[in-house]
Every structure is written in C-alpha cells, then in structure tokens.
Amino acid sequence: MGATISLVSAVFGVAEYLPAFLKSLATQGEALARCELIFVDDGSPDDSAAIITAWLAEHPQLDGRLLRQPNGGAAAARNLGIAQATGEWLSTPDPDDMLADGYLAEILAAIDAADDDVDLIVARMLIFNDEYGRVNTSHGLDRRFRAGARVTNLVDEPEAIQLATNSAFLRLSRVKAAGLTMPTDVRPTFEDAYFLAQYLLLSEKPTLSLRPDARYLYRRGQGSSLVQDSWAKPEKYTTLVEHGYLRLLQSAPTRPIWLQNLVLYDIHWAYLEDQKPFFSRTAWLPEDLAAEFHARIAQLFALIDADTVRDYRVTRLPADLRQSFLIGYQSQRPQTFRIAYRDRRAKLMRLAYYTGTDATDERVEVDGKAVETVYTKSQDFSYLRRVLASERSLWVPLGKTAKLWVDGVEYPLAESAKEPRAANAELPNAPVRVAGELIEYSPPAEKPQPAFADKLAKLVNHLPWVKARYRDAWVLIDREAEAHDNAEHLQRYLQNVRKDINAWLVLERTSPDWPRLHRDGYRLVAHGSFKHRQVMLNASHLISSQINPETLYPFGKGLGYEGYRFTFLQHGVIHNDISRWINPKPISLLITSTQAEYDAVAGEHTPYRFSGKNTALTGMARFDRLEALARKAGPPNRLLVAPSWRRWLEKGELAPGQSREELFAESPYAQAWYELLASPELQALAAAHQLQLTFQPHPNAKPFWDAYRPLPDHVEVVYYDTHDVQLLLAETALLLTDYSSIAFDAVFISRPVAYYQFDADEFFAGSHLVRPGAWTYAKDGFGPVCPDLDATLRALAALLDGPLPEPYASRIAHAFPFRDLDARKRIVSAIEQL
C-alpha cells in the first residue's frame with residue numbers, strides 16, 4: 001500500500017534547527033507510517049545532509065530518502081521532491097519549523113473524512129518565537145479557524161485564503177495531472193502561494209478542510225525566516241511583483257475574489273512594514289527601486305476590482321491604506337466626508353475626506369448656515385517613498401449637522417467611519433507540545449483590572465479638600481527619573497510668574513533632581529504615588545517633553561484621564577520625518593521652535609496630521625534660560641562632542657550568545673566615536689585652541705559607555721543626569737554631533753556645528769524612528785556634514801581657525817524667529833487657548 005502523504009522538505013542552511021524538526025517528525029506516532037519523507041538537499045553549505053542521513057539511518061522503518069541538487073532555491077528543490085513523490089496528498093514542511101504532537105494524525109483523520117470535492121486540507125499555523133521559546137497565534141490568517149474544524153469553499157468565503165504549502169495538503173494526483181510546478185523565477189518568496197493558487201484555480205469552487213487541532217509551528221526570530229530576510233532584497237520589489245503577483249493574475253482564466261484577496265494579502269504587508277516607526281525593513285528602499293515597484297503595482301491594481309479593495313477583510317486594513325490603494329492606484333474618488341472629531345471645548349469639529357487632488361473650492365454648511373473654515377490640513381499618506389493619497393481636514397464651527405461641497409460637488413456624509421474588519425475571535429488553545437515537551441503559549445494580554453489604589457483615589461477624589469487642592473491642575477513631567485528639560489523650565493515660570501495656574505511637576509522621589517528642585521521650592525509630585533493619582537484625576541492639562549506610555553498613562557488607561565489635554569513640549573526640534581512615530585500619539589498641542597519645523601508639521605501636504613489648530617510656534621521652554629546663560633557666559637572654552645543614539649543597539653536582534661554590551665562594543669557606532677575621541681589629531685586641535693574636549697553620551701548610551709574601554713584622560717566625560725547641559729552649551733565654542741537635535745540648542749545661541757555621519761545610510765534605513773524629511777543636513781544644516789574621520793577633523797579645524805563660512809552663518813542667523821526670553825510665556829498662552 002502506497003503512502004497517504006508525501007512530505008517534501010527543501011533543505012538549505014538549517015543544521016541548527018533540523019534536530020528539532022526531525023524530533024517533531026519522529027514523535028508523530030503511527031501516523032508517520034502512512035507518510036513518505038523526501039528531503040532535498042539544495043546544495044546546503046552546512047552539515048544538514050549529514051544530519052538527515054544519520055537520522056534516516058536511525059529510523060530504517062520509515063519511508064524516507066535524501067535527494068541532492070546544486071543550489072537552485074527552495075522552489076527548484078521542492079519541484080525535484082514533488083516529481084519523485086508518490087503519495088495521495090502533498091505537503092512541503094520547512095525543516096526549520098516544527099510539527100506539534102498529533103499533527104499528522106489530525107491531518108490523516110481529515111483525509112479519511114474528506115469527500116472528493118475537498119481540494120485542500122489546511123493546518124493551523126502558530127508562530128514560534130525562536131528568541132523566547134514561546135508560541136502565539138499572531139498569524140494573519142488565524143481567524144479562519146475561529147469556528148473550529150470545518151469544510152468551506154473560497155467562493156462563499158473568499159477570505160479563507162491559504163498561501164503556504166508548508167501547512168497545507170494538496171491532492172498530488174491533481175498536481176501532476178495539471179503539470180504544476182513551483183515557479184523558480186518568483187523570488188524571494190511567494191513561489192508556494194503562486195503554486196497553490198494555480199492548483200486551486202483548477203476547481204470552480206475550491207474547497208478547504210480547516211483543521212485547527214493540526215498545529216504547525218512556524219519559526220520566527222533571529223532572522224531565521226526567509227520571509228523576514230526577504231525585505232532587504234531588491235527582488236522583493238521587482239521580480240516578485242512582476243513574475244509573482246502580476247503573472248499570476250494575468251495568467252489566471254478568471255480572477256475570482258479569493259485570488260485577488262490572496263494577492264492583496266501578500267502585498268499589503270510591505271505597506272504596513274513601511275509605516276513602522278522603528279526597525280522598518282523597507283525604509284532602506286532607494287528612489288529608483290521604489291519607482292519601479294510602484295509602476296508594477298499600478299499594473300497590478302488594474303487587475304484587482306475596486307470593490308475587492310473596498311470589501312477586503314482578510315486582515316485589518318487601515319483606512320488610510322485602503323484609500324491609498326483606491327486613490328493612488330485605481331483613481332477612485334470616494335466623494336463622501338465624515339465628521340472625524342468634535343472638540344466641544346474649542347467649539348470646533350473636524351470634517352475629513354480622502355482625495356488625490358487639491359480642491360479649488362470647498363464650501364461648508366453647519367446646521368443649515370454657511371460657515372468659514374478655521375483651520376485646514378492636507379495630510380499626505382506616503383508609502384515606500386510615494387504619496388498615494390491625502391486626507392483633507394476642515395476645522396469648522398461645532399454643530400449638529402454639516403454639509404460639504406468640493407469643487408461644486410456635494411459630498412454626502414459617510415454612513416459609517418468604520419472599516420471592514422476581519423473577525424479575529426480568539427480560539428481556545430490547548431497546551432502546545434512538540435516531541436512530548438510543552439512549549440509555553442503566550443495568550444493575548446488581558447485587560448488589566450483597576451488597582452485598589454486607583455479605586456481608592458477615585459473615592460477620595462470626591463472629598464471637597466481634594467478637589468480644591470488639585471482642581472484644573474497642570475501636570476508637568478520630563479522623564480520619570482530626570483528633570484532639567486522643558487517641563488522643569490516651564491514649571492519654574494508657572495510658579496514664579498503665573499501663580500494663578502495650579503501647576504505640579506512629577507518626578508520619581510529617588511531622582512537625583514528631586515533634592516535640587518525641592519530646595520528651589522518646586523511643587524513636586526512623586527511619580528507613581530497616591531498623590532500622583534489624585535492630581536491626574538483632576539488634571540486639565542498634561543504637559544511633557546516626553547511622550548512615552550509611562551508619561552501619558554502612568555497607571556494604565558483606566559484611571560479616567562478623559563479630562564486632560566496633552567501638550568508635547570518636545571525634547572528637540574523636529575528636523576527629520578518622525579511622522580510615523582508621532583501621528584498616533586494623543587497630542588492636543590505640539591510645540592515647535594523654527595518656522596521650518598512648524599511648516600513641516602502643520603503645513604499643507606506634509607506626512608503629519610497636525611494643523612494650525614494643534615501646533616504652536618513658540619520656541620522651547622528651556623531656550624529662555626539657555627539664552628540668559630549665553631548672554632552671561634565668558635569666552636567659550638569647550639569642544640563638545642554629543643552624538644545621538646542608535647536604537648538597534650538597545651532593541652535590535654542579538655546573535656546567539658551575544659550580550660548587549662558585546663553588541664555595542666563591536667558596533668561601528670562605538671568604534672567610530674572612540675576612534676574620534678582618542679585621535680591625537682583631535683587632542684592637538686583642542687589644545688591648539690585652548691579648548692576642553694568634552695564628551696556627552698546620549699542618556700541611553702550611558703551604561704554602554706560605562707562598560708566600554710576607558711577614554712583617554714584628556715577627554716572629559718559628562719552625563720545629562722549629572723551635568724547642566726545648558727551651561728555646557730553656553731561654554732561651548734564648537735559642537736560636534738551626528739544627527740542630534742542638540743545642534744539646534746547650540747545654534748540658538750549662535751554656536752557653530754559640525755555633523756559626523758559615518759553611518760548615514762544605515763541610520764535612515766529604518767533602525768531609528770527618523771526618516772529623511774524635507775529638511776536635510778546638506779541643504780539646511782548648520783555646518784559641514786562629514787562621512788568619515790578625516791573629513792571630520794578637517795571640518796573642525798576649518799571651523800575653529802576662521803570665521804564661520806557661508807551658507808552656515810546665514811542659516812544660523814535666521815534659524816529661529818524668536819531669540820528672546822519669552823518662549824515660556826508664548827507656550828502658556830498657547831495652552832490656555834486650547
């Protein structure tokens with residue numbers, strides 16, 4: 001009797017993971033006797049073939065064999081195995097993944113129960129996090145299994161798509177009868193999705209048997225996944241689109257909705273990836289490659305129905321992206337508008353509509369009366385370096401009803417602002433066991449229950465003396481453990497000048513800044529204390545230079561924070577594009593300092609959501625003291641080196657067995673800055689101009705530099721939490737940084753600047769929260785941009801030896817509209833107008 005299932009595994013460079021996969025195979029029990037195991041060594045550079053050979057020798061009772069071929073890719077290897085397969089059903093498990101206990105038994109039960117019309121049996125794919133050894137259900141297609149084991153078809157349920165053959169089982173006889181093979185020119189991924197789609201197109205009503213209890217563990221983490229690695233390959237944006245998506249749709253005898261959904265599902269991940277504020281794997285994409293990509297995608301969307309895009313709900317598709325597909329590629333104009341937000345305090349409401357062109361005439365009626373717009377904004381949605389659509393916002397007087405005409409056409413009010421959604425109901429999850437060992441399951445986080453202190457704070461809040469003490473509080477905070485930023489400086493102004501405002505500064509009691517501020521008479525609240533809860537319950541404004549969750553929601557979101565408005569004082573001047581990071585934040589007012597910054601954020605057709613309603617050009621609160629210190633300072637006597645940070649050193653992936661400190665020590669970042677600071681040329685330059693060479697690491701870098709090799713004795717090392725940064729700047733003759741906004745502080749008091757950017761390509765390739773914006777260092781910066789050590793030393797010597805050259809002198813002179821001592825006054829006025 002022949003095999004019921006043929007398992008074909010393409011093997012390349014997986015020696016590290018093979019033992020786990022083979023062990024999960026070996027413990028499938030009697031089900032394995034009905035399987036044919038075909039391993040194809042695709043010219044693997046490691047000892048994968050030897051591991052498989054030894055394993056097969058240890059299990060002579062199994063129907064297994066190893067085939068070999070020169071490296072030709074996964075598709076070619078699978079094709080070789082498929083050609084020799086003899087089973088009734090075919091699957092292609094990847095040898096770096098694992099099969100849960102009972103996997104094959106569950107599949108065989110489905111096979112035995114399957115009618116002739118069942119085309120495909122689908123196992124449930126779980127994500128196995130290789131770094132933490134945990135399993136979760138975060139796979140985008142997991143929703144299909146919410147109703148348990150069942151049979152469905154793609155005509156009636158076009159969302160139940162399947163793209164991977166590693167967790168699916170096809171009828172091998174149909175594959176061979178149709179002469180189907182995996183395309184070897186579809187790279188770097190999608191070849192099995194292409195193959196599977198061709199197979200399902202053989203049926204008028206492709207029928208799937210969904211088996212949630214057959215669990216396939218897909219390994220992810222430490223770069224082990226081909227899907228993860230593929231983002232860095234140019235073929236992802238050219239060959240894949242042309243030979244994969246386009247050819248599949250063009251060659252299909254029909255283009256059913258499920259097929260269109262399949263292509264949409266695979267392509268939309270690139271757009272979601274591009275919107276990540278950190279570690280985006282598409283941020284590196286150069287302009288020319290992006291242009292090729294979008295040209296091919298435009299051809300692709302000509303083959304996809306607009307209604308398919310509108311109704312897509314395989315996964316959650318953000319409204320902005322859905323409209324970008326419709327407008328940017330299909331020239332659809334959604335001529336409706338919505339009332340996006342009602343600001344009852346300001347007595348305004350925001351009307352919004354999506355568009356691809358600028359209107360020449362907009363007319364609004366509120367409650368039957370014509371009104372003028374108070375603020376406007378066109379926010380551009382840019383994906384992979386191309387603007388695809390815009391959202392037009394009109395702030396108008398508050399009312400119950402509104403009507404909108406755009407270029408003479410009346411736009412009806414949209415019936416609902418809700419997007420079609422995938423039904424992601426959670427499934428019951430039995431313990432996941434592989435080879436008899438329990439793998440920890442990571443369930444979705446439960447909504448935290450209010451703490452006893454929260455409940456008590458709400459109860460106490462009704463007491464009259466509590467209300468009187470904290471009524472309409474302005475709550476200010478820099479970092480939880482540190483002050484000396486814009487919030488501290490604004491708090492000093494409020495206590496000394498605007499005593500009518502009930503202002504409090506939040507800080508951890510263990511902070512080294514606490515004694516200093518307490519001596520100065522600051523009204524302090526200990527972060528996380530019961531008093532902190534009380535003041536938050538009564539806050540009318542939360543004001544901070546930071547925007548992390550600990551600042552916004554120190555006790556979670558359940559303490560009743562609906563009453564306050566959040567003003568983001570900022571830590572530095574925005575000069576790169578941080579829109580992906582800042583747009584989702586609940587900011588009521590954004591403080592800016594330069595006209596260029598204000599225009600980049602609040603101007604028309606920028607990637608930011610902010611307009612004149614929620615953006616103020618005031619200058620930063622700390623600038624008032626900085627200017628005062630600079631006026632009093634004597635001749636500057638420091639050469640200050642103050643680099644920014646690299647988030648990937650703190651949050652990026654580690655190699656096996658590697659520590660964070662080792663990653664830092666081996667990084668180009670640590671080596672480049674150390675080489676500069678230790679260079680005899682820099683020491684001689686500072687000495688020749690009688691300057692103290694001072695190094696100020698970024699706060700996040702402090703523990704890493706402390707553990708790194710010592711700097712030479714002539715380098716003074718200072719830290720943000722132990723030294724007065726503004727005093728250092730006032731004493732600085734020349735600042736050297738890389739990308740840090742501290743350059744704007746130096747420029748504010750007319751200090752020259754140079755930029756050491758040895759890693760510019762990597763820095764703007766998604767590892768940091770910034771992307772290149774309209775402002776560039778070469779076109780708008782305040783000093784020379786240096787790509788290497790020699791260029792940096794030459795630039796520093798030129799800046800110190802002569803007068804500040806053009807165009808830098810003019811840029812510094814005209815950078816700020818205000819160089820006075822009234823930034824805090826303007827900030828308070830802007831907050832009061834909210």
Side-chain angles (χ1 to χ4, degrees), residues 345 457 460-461 463-509 511 513-548 550-555 559-571 586-591 614 616 618-626 628 726 821-834:
R345 293 183 186 177
V460 172
N461 194 52
L463 297 175
W465 69 268
V466 174
K467 284 289 187 185
R469 183 171 175 78
Y470 301 117
R471 181 177 291 114
D472 294 327
W474 288 29
V475 182
L476 289 85
I477 181 172
D478 284 319
R479 298 177 185 269
E480 299 81 62
E482 299 175 30
H484 61 67
D485 205 339
N486 287 309
E488 175 189 326
H489 292 286
L490 186 60
Q491 177 75 9
R492 182 180 293 273
Y493 173 83
L494 292 171
Q495 290 189 185
N496 294 338
V497 180
R498 290 298 305 272
K499 297 180 181 180
D500 56 308
I501 295 174
N502 188 17
W504 302 82
L505 183 69
V506 175
L507 183 67
E508 288 180 355
R509 190 177 290 274
S511 167
D513 293 319
W514 183 282
R516 170 179 63 85
L517 297 176
H518 186 266
R519 287 193 302 268
D520 289 348
Y522 273 67
R523 302 176 75 192
L524 297 174
V525 175
H527 186 276
S529 65
F530 189 74
K531 185 178 179 180
H532 190 187
R533 286 177 166 85
Q534 290 178 311
V535 74
M536 290 303 299
L537 282 169
N538 292 277
S540 59
H541 294 282
L542 176 63
I543 304 162
S544 180
S545 60
Q546 305 297 320
I547 197 168
N548 51 35
E550 293 78 15
T551 298
L552 291 169
Y553 311 110
F555 309 108
L559 197 60
Y561 297 144
E562 300 86 0
Y564 72 67
R565 297 197 162 195
F566 178 68
T567 294
F568 186 28
L569 298 174
Q570 294 209 68
H571 171 66
I587 298 172
S588 301
L589 178 63
L590 177 67
I591 298 301
N614 44 24
T618 63
M620 283 191 284
R622 68 172 183 259
F623 282 174
D624 289 352
R625 179 172 180 263
L626 180 60
Q726 293 191 311
L821 304 179
D822 288 331
R824 294 170 296 177
K825 181 179 179 180
R826 287 186 291 269
I827 291 170
V828 171
S829 176
I831 294 173
E832 289 180 316
Q833 293 176 37
L834 285 176

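Note that this is a predicted model, so its numbers are computed, not measured. In what follows, residues are counted from 1 in the order of the sequence shown.
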Worksheet item: Taking the side chain as C-beta and beyond, is there a heavy-atom pair between F566 and S544 under 4.5 Å?
Response: yes

Discussion item. Rounded to the nearest 0.5 Å, what separates atom CG in L476 from atom OH in Y522?
Written reply: 10.0 Å

Worksheet item: With a 4.5 Å heavy-atom cut-off, do N614 and I587 have their side chains touching?
Response: no

Item to complete: Among Q534, H532, R533, find the residue that satisfies the side chain to side chain contact (heavy atoms under 4.5 Å, CB included) test when tested with M536.
Response: H532

Worksheet item: Would a 4.5 Å heavy-atom cut-off, applied to side chains only, mark L537 and Y470 as touching?
Response: no

Worksheet entry | Note, V828 side chain near L490 side chain (heavy atom, < 4.5 Å) | yes

Fill in: Exercise: identify the closest heavy-atom pair between D478 and A483
OD2-C, 3.5 Å

Practice prompt. Can you see which heavy atom on A481 is nearest to which on E508, and at what distance?
Written response: CB-OE1, 3.6 Å

Item to complete: Please name the residue in the list K499, R498, Q491, R492 that meets the side-chain hydrogen bond (donor to acceptor under 3.5 Å, both in side chains) test with Q495.
Response: Q491

Worksheet item: Does any N or O in the side chain of N502 come within less than 3.5 Å of the main-chain N or O of D472, such that one atom is a donor and the other an acceptor?
Response: no

Worksheet entry | Residue pair H571 / D485, side-chain donor-acceptor N/O under 3.5 Å | yes

Item to complete: List the steps, then state whether side chain to side chain contact (heavy atoms under 4.5 Å, CB included) holds for R565 with L589.
Response: CA-CA 8 Å; R565 297 197 162 195; L589 178 63; over 6 Å; no

Worksheet item: Between atom CG of L834 and atom NE2 of H541, what is the distance when rounded to the nearest 0.5 Å?
Response: 6.0 Å

Worksheet item: What do the steps show when you test N538 against R469 for side-chain hydrogen bond (donor to acceptor under 3.5 Å, both in side chains), and what is the final call?
Response: CA-CA 9 Å; N538 292 277; R469 183 171 175 78; over 6 Å; no

Discussion item. Run E482 and S511 through side-chain hydrogen bond (donor to acceptor under 3.5 Å, both in side chains) and show every step you take.
Written reply: CA-CA 6 Å; E482 299 175 30; S511 167; over 6 Å; no

Worksheet entry | Short N-O contact, E488 and R625, less than 4.0 angstrom | no

Item to complete: Measure the CG-CD1 distance between D822 and I827 for me, rounded to the nearest 0.5 Å.
Response: 11.0 Å

Worksheet entry | F623: partners by ring-ring contact (aromatic ring centres under 6.0 Å, His included), with sequence neighbours left out | F748, F816

Worksheet item: Does NZ belonging to K825 count more than 12 external heavy atoms closer than 6.0 Å?
Response: no

Fill in: Side chain proximity check, Y493 to D624, heavy atoms < 4.5 angstrom
no

Worksheet item: Are H484 and D513 side-chain neighbours, meaning at least one heavy-atom pair lies under 4.5 Å?
Response: yes

Item to complete: Give, for atom CD of E550 and atom CD of E480, the distance between the pair rounded to the nearest 0.5 Å.
Response: 5.5 Å

Discussion item. In the structure I gave you, are the side-chain heavy atoms of I547 and T551 within less than 4.5 Å of one another anywhere?
Written reply: no

Discussion item. Any heavy-atom pair between the side chains of P586 and Y564 that's under 4.5 Å?
Written reply: no

Worksheet item: Which pair of non-hydrogen atoms, one from Q570 and one from I591, has the smallest distance, and what is that distance?
Response: NE2-O, 2.7 Å

Worksheet item: When rounded to the nearest 0.5 angstrom, what distance separates CH2 in W474 from CZ in R523?
Response: 13.0 Å

Discussion item. As an exercise, state the distance from CZ of R824 to OG1 of T618, rounded to the nearest 0.5 Å.
Written reply: 12.0 Å

